[in-house]
Amino acid sequence: MTARGRRAVLAGLVWLVLAVAVVAGTLVARAAARRAAVDLLRAETGVAVELLRETGRADALDHLFGSRWALSDDVDLSVDEAIVRRTDGGLTGVAAVYDADAWSRVGTLRLTATPQRPTDGTTAAAVVAVALLGIIAMGWTRARSSRVRWPVVAAVVTAVPLAAAGRSVHRTLEDATSTRLEVAANALRSVPDLQALIAEPGGVYRVAQLPFVAFDRRGDVILSTLSTTVTARLGEGRPAGGRLEADRVTYAIADVGPVRLAGLPYEHTHDPTVPLIAIGLIGLALAAAIASLARLVDTPRAFRRTVTAWSFLAPAFLHLGIFSIGPLLFAAWLSLHRWSLIDAARPFVGLANYAAILTDPSWWNTVQNTAVFTLHVPIAMAVALGLALLAHRPGRGVVLLRAVFFLPSVTSLVAIAIVWQWMLHDEYGFLNWVLSLVGLGPVRWLTSPDTALLAIMLMSVWLIVGYQMVLFQAGLAAVRLDLYDAARIDGAGPWRRFVHVTLPGLRHTLFFVFVTSVIGSFQIFGAVYVMTEGGPLHSTDVAVFHIYEEAWEFFRFGNAAAMSWVLFAIIFVVTWLQFRVLERRVEEGS
Amino acid sequence: MLVPFFWMVSTSLMDELEVYRFPPRVLPTDPQWGNYAGALTARPFGRYFLNSLVFATGVVLGQLLTAATAGYAFAKLAFRGRERIFLLVLSTMMVPTVVVLIPRFLLIDRLGWGDTYVGLISTELVSVWGIFLMRQYFRSVPRELEDAARIDGASEWRIFWTVSLPLAKPALATIGLFAFIDAWKNLLWPLIATRSMAMRTVEVGIASFHGVYVMNWPYQMAAAVTAIVPIMILFVFTQRYFVQGIQLTGFK
């Protein structure tokens, strides 16, 4: 293939990727719009059945739904509460109708809807636009690989249709919300009997299938199915924490006068903004990656080598992208929301989660505990170094010793933690027995807030010391023996030889062990989970355990994500500091 | 160093009341072998072991594949930005697992993999440490053999499979073992990714056993012995590879 041909193929690939991104984004947007339409129809069907049950009046349904509704006396046993089915050309909401005793089924109610497909036009336009611009840009890239122009073109080409798709979905969501409010208001207005439902707790919600607030003429709240804070915000006409403005419709209800209904667009969860942005960015990144090969096109061998290399990297990088980098970014997104597993409303709260954490003493308590716990690392290192010095000559005994010391770090941590918990038992534990033999104790190891963290540190030293010892032995084996001989000839004693030959020779190993062990110790979880569950009195509440509880005991995922990012930041800064301070010293030493 | 292990075995054979004695007995007066049967039938430990085995084996296979291919690329293949990209990969080691935990959980849940082996295994298929180790290893292997194959016109993938990979068996064994042990010891992820009793791994299983049989120390110790012994046997036979692996990491 000629260089020109290859360049054309590359440019084609770039635009293909972008086109795929646009189509994928549009499909996502369409799916969101469809879900919103389905939700709306399900709500409407629910309202219709409810109206029929409460009033038995067909004219109310006519008023609300025109000719869209139909009642038949067939009984469809597969349907009970309102569901939505896809029929050709549209959607049908189906619900079972019961007799007055709510005991036996007397028929089936069907409500049809023809949802618009707001994004279809956009899709077509976008694909055409991408193709056209692609052809133009291909001409450009062939003429000269313009470094400024084409990324801009690519960004615009991707962003514009995706933004259009997002916008149209937003319109659909807003439409759906106002339609629901309208249904609710119409129901309230046209069916006087239903006003009685207002008084009934939850009645309004049943009618509208939508949380809303009703205000009277003076702006006082008549009814609210929402939390007090959201109610207050809607009363002030402010958006209630979501990206969409709350919709409001004003209707007059006999007896009460004009009533303003304000509702939350709870299709929030269908909002496709984030997936759209993600798809756009991934598309751009892929396109940029392909385009960056453009420079290699003129040298076919380098080009082929790069492609081969990336084929080797692909498995690991795909996985890292999907299961590490992606989740990392998603956690950042989560941390900006009040995001709970059990509440469908997940509003954007900005940095509020972070602000809450940074002013929360219980979080700083966990940080402090984690930092104190990390002090076991230098202690363990000192012990491990001593052991390694004692036993770094090869021999059968050494191999056995090494195996024995290494054993704790490869066995089941949970089992080990349980064993230690038993050994640290207040009354019948091994440690207190040994202490009593020398006239000390008993120490309330795990039940006193003063010693619990210490006890876990003790166990951790025991756990980690063998691993570090093996590393030190490897490091010692690399220290040049002639330096020892030279030092001995200079008349240096064992201590001076240790300080001037061994330690400098081990500096890289020491640095490595320290940095990795500190990172590891910041993430301690298992021992705390098994032995103390953060207690007593939160004296062993460490960061990861705290985050675990926040997420899986209290389901506050947004908060937990913010905490985990703070922990990440702390680890990052600590590691960076170690590199800045320690590594320089390590380098100077050599 | 071995005292906890000894204490564990000793307690596991004691009578339920014999342990509550001060000063404690070092050896049980009358070994209660029934404790093991009792503890192991109280929960489906057989199933736990099977789950752990499936989980660890899947993780080992995945990590071997990704570590070998990526390590080979970083060690033997020339491409733009190699060192920078490698540093980037290494820097992901700093990311604490807990950050990606919630998104990973939501992801496998959304994919319908919650409480399945696929969900359990899929997130753990790459070990950055493994990539690092493979890179170190491949770099230490002389190029002559590969170059000979290259002159014969073999493709890079062919060279990788037939020449380089067979030479890397010791490193693969080390990575495989560490992956196995790490997966076996993993508590946090299986705790979150599995819900049902039938999907629990040994670690999660004994942790919850511990929560239920709080006062029955012999039962707990029997469960602990059962959890530790298989891994201990594995370690005794493969000790060499562990030490070798750790030493390889130490050298930069």
Side-chain angles (χ1 to χ4, degrees), chain A residues 305-306 308-310 312-313 315-316 319-320 323-324 327-328 330-331 334 402-407 410-415 418-420 422-423 427-428 430 433 436 467 470-471 474-475 508-509 512 519 522-523 525-526 529-530 544 547-548 551-552 557 560-561 564-565 567-568 571-572 575, chain B residues 1-4 7-8 11 19-24 65-66 69-70 72-73 77-80 89 92 94-100 102-104 107 122-123 125-126 131 156 181 184-185 187-188 192 202-203 206-207 210 217 220-221 224 227-228 231-232 235 239 242-243 246-247 250-252:
Chain A
R305 246 191 268 147
T306 306
T308 314
W310 279 98
F312 274 90
L313 292 177
H319 190 276
L320 279 176
F323 290 106
S324 294
L328 188 65
F330 185 64
L334 275 179
R402 192 160 61 189
V404 166
F405 276 88
F406 196 62
L407 193 54
V410 294
T411 42
S412 153
L413 177 71
V414 175
I418 295 174
V419 173
W420 271 81
W422 172 229
M423 301 228 316
E427 289 169 72
Y428 309 105
F430 173 81
W433 174 51
S436 77
Y467 172 79
V470 174
L471 274 170
H508 285 291
T509 315
F512 174 82
I519 293 181
F522 265 91
Q523 301 190 49
F525 170 76
Y529 176 79
V530 173
V544 174
I547 295 168
Y548 169 82
W552 274 277
F557 278 27
S564 63
W565 260 88
L567 177 69
F568 179 26
I571 292 181
F572 186 86
T575 310
Chain B
M1 215 49 206
L2 288 175
V3 166
W7 205 248
M8 163 179 83
T11 306
V19 298
Y20 292 115
R21 200 184 273 267
F22 198 89
L65 176 79
T66 55
T69 51
Y72 185 79
L77 303 175
F79 58 95
R80 261 169 57 89
V89 171
T92 58
M94 256 190 303
V95 179
T97 345
V98 69
V99 178
V100 291
I102 296 171
R104 280 178 174 180
L107 181 63
S122 62
T123 59
L125 297 180
V126 167
I131 294 175
E156 208 57 55
I181 298 283
W184 194 278
K185 282 171 65 178
L187 170 66
L188 195 47
I192 287 158
V202 175
E203 291 288 279
I206 52 171
H210 168 66
W217 288 104
Q220 288 194 44
M221 292 303 122
I228 285 176
I231 293 287
M232 207 190 259
F235 172 67
Q239 208 223 113
F242 280 101
V243 174
I246 293 178
Q247 290 173 346
F251 289 119
K252 280 224 170 170

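Below, each value reflects all heavy atoms present in this structure, side chains not excepted, and no hydrogens, waters or symmetry copies. So you know, we letter chains A, B, ... as the sequences are listed, proteins then strands, and number each from 1. In this text, all values refer to a predicted model and were calculated from it rather than measured experimentally.
A:His319 contributes no side-chain N or O that, together with a main-chain N or O of B:Thr66, makes up a donor-acceptor pair within less than 3.5 Å. At distances below 3.5 Å, at least one donor-acceptor pair connects side-chain atoms of B:Arg104 with backbone N or O atoms of A:Phe323.
Ranked by heavy-atom pairs under 4.5 Å with chain A, the first of B:Val3, B:Val100, B:Ile231, B:Thr97 is B:Val100. Highest contact tally toward chain B, considering only A:Phe572, A:Trp420, A:Tyr529, A:Trp565, is held by A:Tyr529 [criterion: heavy-atom pairs under 4.5 Å]. Here B:Leu187 is the residue among B:Ile181, B:Leu187, B:Val89, B:Leu65 with the most heavy-atom pairs under 4.5 Å with chain A. Of the listed residues A:Phe568, A:Phe522, A:Phe330, the one with more heavy-atom pairs under 4.5 angstrom with chain B than any other is A:Phe568. Chain A forms the most heavy-atom pairs under 4.5 Å with one residue out of B:Leu77, B:Val126, B:Thr92, and that residue is B:Val126. By number of non-hydrogen pairs under 4.5 angstrom with chain B, the leading residue of A:Ile519, A:Val530, A:Val410, A:Leu413 is A:Val410.
Using a 4.5 Å heavy-atom threshold, the side chains of B:Pro96 and A:Ile571 count as touching. Between B:Val99 and A:Leu567 the shortest side-chain heavy-atom distance does not fall below 4.5 Å. Taking 4.5 Å as the limit, every side-chain heavy atom of B:Val19 sits out of range of all side-chain heavy atoms of A:Tyr428.
Contact detail for B:Ala73 and A:Leu313: the closest heavy-atom pair is CB-CD2, 3.6 Å. Across all non-hydrogen atoms, the minimal contact from B:Glu156 to A:Phe312 is O-CZ, 3.8 Å. Residues A:Arg305 and B:Ala78 approach most closely at NH1-CB, 3.5 Å, considering heavy atoms. Scanning all heavy atoms of the two residues, the minimum distance from B:Phe79 to A:Thr306 falls at CB-CA, 4.1 Å. Considering all non-hydrogen atoms of both residues, A:Ala551 and B:Ile102 come closest at CB-CD1, 3.8 Å. A pairwise comparison of heavy atoms in A:Ser412 and B:Lys185 identifies CA-CG, 4.3 Å as the closest pair.
Looking at A:Gln523, the atoms closer than 4.5 Å to chain B (heavy atoms on both sides) all sit in the side chain, from C-beta outward. With a threshold of 4.5 angstrom between heavy atoms, A:Phe525 approaches chain B through side-chain atoms but not through N, CA, C or O. Of the two parts of B:Glu203, the backbone and the side chain both hold a non-hydrogen atom closer than 4.5 Å to a non-hydrogen atom of chain A. When heavy atoms are compared at a cutoff of 4.5 Å, B:Thr123 approaches chain A by way of both its backbone and its side chain. Of the two parts of A:Leu407, the backbone and the side chain both hold a non-hydrogen atom closer than 4.5 Å to a non-hydrogen atom of chain B. Residue contact with chain A, scored on non-hydrogen atoms closer than 4.5 Å, involves the side chain of B:Phe235 exclusively. Within the 4.5 angstrom heavy-atom criterion, atoms from both the backbone and the side chain of A:Leu328 approach chain B. For B:Leu188, the parts sitting under 4.5 Å from any heavy atom of chain A are the backbone and the side chain alike. For chain A, the nearby part of B:Met221 is the side chain; its heavy atoms alone come within less than 4.5 Å.
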Quick one: do B:Ile192 and A:Tyr548 satisfy side-chain contact (heavy atoms from CB on, under 4.5 Å)? Show the steps, please. CA-CA 9 Å; B:Ile192 287 158; A:Tyr548 169 82; 4.3 Å; yes
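If you check the side chains of A:Trp422 and B:Thr11, you find a donor sitting under 3.5 Å from an acceptor.
Rounding to the nearest 0.5 Å gives a distance of 8.0 Å between CE of B:Met8 and OG1 of A:Thr411. With rounding to the nearest 0.5 angstrom, the NE2 atom of B:His210 is 5.5 Å from the CD1 atom of A:Ile418.
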